[in-house]
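Chain A is the first sequence line, chain B the second, and so forth, proteins listed ahead of strands; every chain is numbered from 1. Basis for what follows: all heavy atoms, side chains included, without hydrogens, waters or symmetry-related copies.
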Amino acid sequence: MSWIVIQQSIPIFAKAFWITLRLSLYGIIGSIIVGIIVSLISYFKVPVAKRIGDIYIELFRNTPLLIQLFFIYYALPEVGFKISAEVSGVVGLTLLGGSYMAEAFLGGFNGVEKVQVENGKAIGLSNAQLARYVILPQGILTSIPAIAANVIFLIKETSIFTVIAIPELTNTALDQIGMYYHTDESLFILVIAYAIILIPLSILLTWLERRTRRVAFGN
Amino acid sequence: MSHSGINIFFEGSNFVRLLHGLLVSAEIAFVAIILGAILGIILGALRTTKSRIVRFILRIYLEFFRIVPTVVLLFLFYYILPKNFNLNLSAEVVATLVFALWMAAEMSDIVRSGLISVPKHQTDAGKAIGLNPVQLFRYITLPQSLKLMIPATINLTSRVIKTTSLLLLISVMDVINVGQQIIEANQQQYQNGAFWVYGLIFILYFILCYPLSLWEKHMARKEAAIQNG
């Protein structure tokens, strides 16, 4: 392993680092939005829409991201939907993440005590008001650890973007290995780069889990 | 183009080749799950011991496999084992090894949290009626923690199966790699080959993983029913 090679490679990896972060962020925000919508539909048992939501969750939770991306990026253009690699990546990550987030939110919503919901109904709240003032504030709190775990999972999944040639971290490392045989150096930087993003998040997750337990059980 | 794209599966032995590729993925997943589960149970039990050093080392092992994406783990082993350790393994063996070690890491955490969840009064009661440590484990700790471990283990198994989609990256002839070859070989005749082939592989993975998801939910519900009386 050569330190000079590592030093020289840092700028190109820094660029890739930001791409990984940026696409992760888009994907995570998209996943949370999709997740909240699908979980609320499921919670309020909206006819037909709940069915579609359930099918969506099962389809995307039970298939790998790689094949989802291949389908979006290579197969959809053949039937008339052509989108760029980056957009395909974010759409794939959002669809995958949305199905995981929906389960996480639903777990939290179902944890909200029945009495709370019944009281809300008794004072004449509409479903939208119930969601806004009763279910979301209480439910999201208990689903925070699951959401944080999903965030870590989604960031790791961006490494699969390499298969549709998005120049994120993993793709950049493979490029460096392929072009210059800088195998050890590239893999070393790659592991460090993921560690920089994920170790703080992992520590945050542990802390959140402890906090939420205290909120839920008061100890 | 008047004929339907679905015919791409009936050209030559395309469909059989795809299924053969799926078998390669399934074999790697199966061996990795069995090896990983055995190692994971041992490591999980070790993580409940009093030795701080053992616990620390196993924690580092878990965190490493948890933080590094599986794609990167595959490349680490694929490139570094032959280059720096002079160990020339086939891509299939490297993949099995990586998946087994990853499964073991995650499994150790499931086993550990299952074991420590058994209330202390249960083991105390066991000791009071004169059970030895082996009996204590066999009749008190194991049966009570097993119920908690089963849904999480099924979920992990499903994750390993989905991760076999990455085999393509280290040139294993898995179902996706075969699919790519079929799409390229039939490009002239079937312009929408990718749609059908990737669509089928998507469905194949779903068929493998959906029953596991149903089983996991069933077991989790059963466990919740016992807990709530």
Side-chain angles (χ1 to χ4, degrees), chain A residues 1 20 57-81 96 103 107 149 152-153 155-163 169-171 173-174 177 181 183-184 186-188 190-203 205-206, chain B residues 5 25 62-64 66-80 82-84 155 158-159 161-170 174-176 179-180 183 190-214 216-217 220:
Chain A
M1 190 142 63
T20 292
I57 292 177
E58 292 301 341
L59 267 184
F60 281 83
R61 276 184 67 98
N62 290 307
T63 47
L65 178 65
L66 187 136
I67 195 74
Q68 294 167 10
L69 290 179
F70 270 10
F71 196 79
I72 294 169
Y73 187 62
Y74 294 116
L76 287 187
E78 292 179 350
V79 290
F81 298 96
L96 173 84
E103 290 263 288
I152 293 175
F153 164 69
I155 295 172
K156 283 167 63 182
E157 290 286 287
T158 61
S159 58
I160 297 172
F161 286 178
T162 182
V163 299
L169 284 168
T170 305
N171 191 266
L174 292 180
I177 295 171
Y181 296 105
T183 312
D184 295 347
S186 301
L187 289 173
F188 177 75
L190 186 60
V191 171
I192 297 291
Y194 280 115
I196 290 173
I197 306 176
L198 295 166
I199 288 178
L201 281 174
S202 163
I203 293 170
L205 171 64
T206 317
Chain B
S25 314
L62 167 71
E63 293 298 334
F64 178 77
R66 219 174 233 178
I67 278 171
V68 181
T70 326
V71 184
V72 180
L73 288 174
L74 277 176
F75 285 123
L76 277 178
F77 281 74
Y78 186 63
Y79 284 119
I80 291 188
K83 191 163 173 278
N84 300 7
N155 183 284
S158 160
R159 278 169 63 200
I161 293 175
K162 279 179 280 183
T163 312
T164 59
S165 63
L166 306 177
L167 289 171
L168 151 92
L169 290 165
I170 55 168
D174 76 324
V175 63
I176 301 174
Q180 277 188 332
I183 293 164
Y190 296 96
Q191 259 119 39
N192 53 4
F195 182 82
W196 288 95
V197 172
Y198 291 145
L200 177 73
I201 298 173
F202 185 89
I203 293 167
L204 287 175
Y205 267 106
F206 181 76
I207 292 172
L208 284 181
C209 295
Y210 184 55
L212 289 174
S213 150
L214 286 181
E216 178 198 342
K217 285 207 175 109

Relative to the ring of Phe60(A), is the ring of Phe202(B) parallel (under 30°), tilted (30 to 60°) or perpendicular (over 60°)?
perpendicular
As an exercise, state the distance from CG of Leu66(A) to OH of Tyr205(B), rounded to the nearest 0.5 Å.
8.0 Å
Counting neighbours of OH on Tyr181(A) that are heavy atoms of other residues, nucleotides or ligands and sit closer than 6.0 Å, is the number greater than 12?
no
Evaluate ring-ring contact (aromatic ring centres under 6.0 Å, His included) for Tyr198(B) paired with Phe71(A), printing each intermediate quantity in order.
CA-CA 6 Å; Tyr198(B) 291 145; Phe71(A) 196 79; 7.8 Å; no
Nearest 0.5 angstrom please: Cys209(B) SG to Glu58(A) CD, how far?
11.0 Å
Just verifying a value: how many Å separate Ile160(A) CD1 and Leu166(B) CG, rounded to the nearest 0.5 Å?
5.0 Å
Checking heavy atoms, do the side chain of Leu59(A), its backbone, both or neither come under 4.5 Å from chain B?
both
For Leu169(B), which atoms come within 4.5 Å of any heavy atom of chain A: side chain, backbone, both, or neither?
side chain
Output for pair (Ile67(A) CD1, Ile201(B) CD1), nearest 0.5 Å, gives 4.5 Å
Would a 4.5 Å heavy-atom cut-off, applied to side chains only, mark Asp184(A) and Lys83(B) as touching?
yes
Atom group of Thr63(A) that falls short of 4.5 Å from chain B, counting heavy atoms:
both
Side chain / backbone / both / neither for Leu76(B) at chain A, heavy atoms under 4.5 Å:
both
Quick one: does any side-chain atom of Glu78(A) pair with a main-chain N or O of Ala194(B) as donor and acceptor, under 3.5 Å?
yes
Does any N or O in the side chain of Lys156(A) come within less than 3.5 Å of the main-chain N or O of Arg66(B), such that one atom is a donor and the other an acceptor?
yes
Which is it for Tyr74(A) and Phe195(B) under the side chain to side chain contact (heavy atoms under 4.5 Å, CB included) test, yes or no, and what are the steps along the way?
CA-CA 7 Å; Tyr74(A) 294 116; Phe195(B) 182 82; over 6 Å; no
Could you walk me through whether Tyr79(B) and Leu187(A) satisfy the side chain to side chain contact (heavy atoms under 4.5 Å, CB included) test, starting with their C-alpha distance in whole Å, then the side-chain angles of each, then the deciding distance to 0.1 Å, before giving a yes or no?
CA-CA 9 Å; Tyr79(B) 284 119; Leu187(A) 289 173; 4.0 Å; yes
Rounded to the nearest 0.5 angstrom, the CD1-CG distance for Ile203(B) and Asn62(A) is 13.5 Å
Contact origin within Ile67(B) toward chain A - heavy atom pairs under 4.5 Å
both
Do Leu198(A) and Glu63(B) come close enough that some side-chain heavy atom pair is under 4.5 Å?
no
Are the side chains of Phe70(A) and Leu168(B) in contact, using a 4.5 Å heavy-atom criterion?
yes
With Leu190(A), which of Val68(B), Val71(B), Val72(B) fulfils side-chain contact (heavy atoms from CB on, under 4.5 Å)?
Val72(B)
Looking only at Thr162(A), Leu169(A), Ile177(A), Thr158(A), the option with the highest number of non-hydrogen pairs under 4.5 Å against chain B is Ile177(A)
Is Ile161(B) close to chain A through its backbone or its side chain, or both, or neither, when contacts mean heavy atoms under 4.5 Å?
neither
Hey, what do you get for NZ (Lys162(B)) to CZ (Arg61(A)), rounding to the nearest 0.5 Å?
6.5 Å
Residue part contacting chain B, namely of Leu174(A), when any heavy atom lies under 4.5 Å
side chain
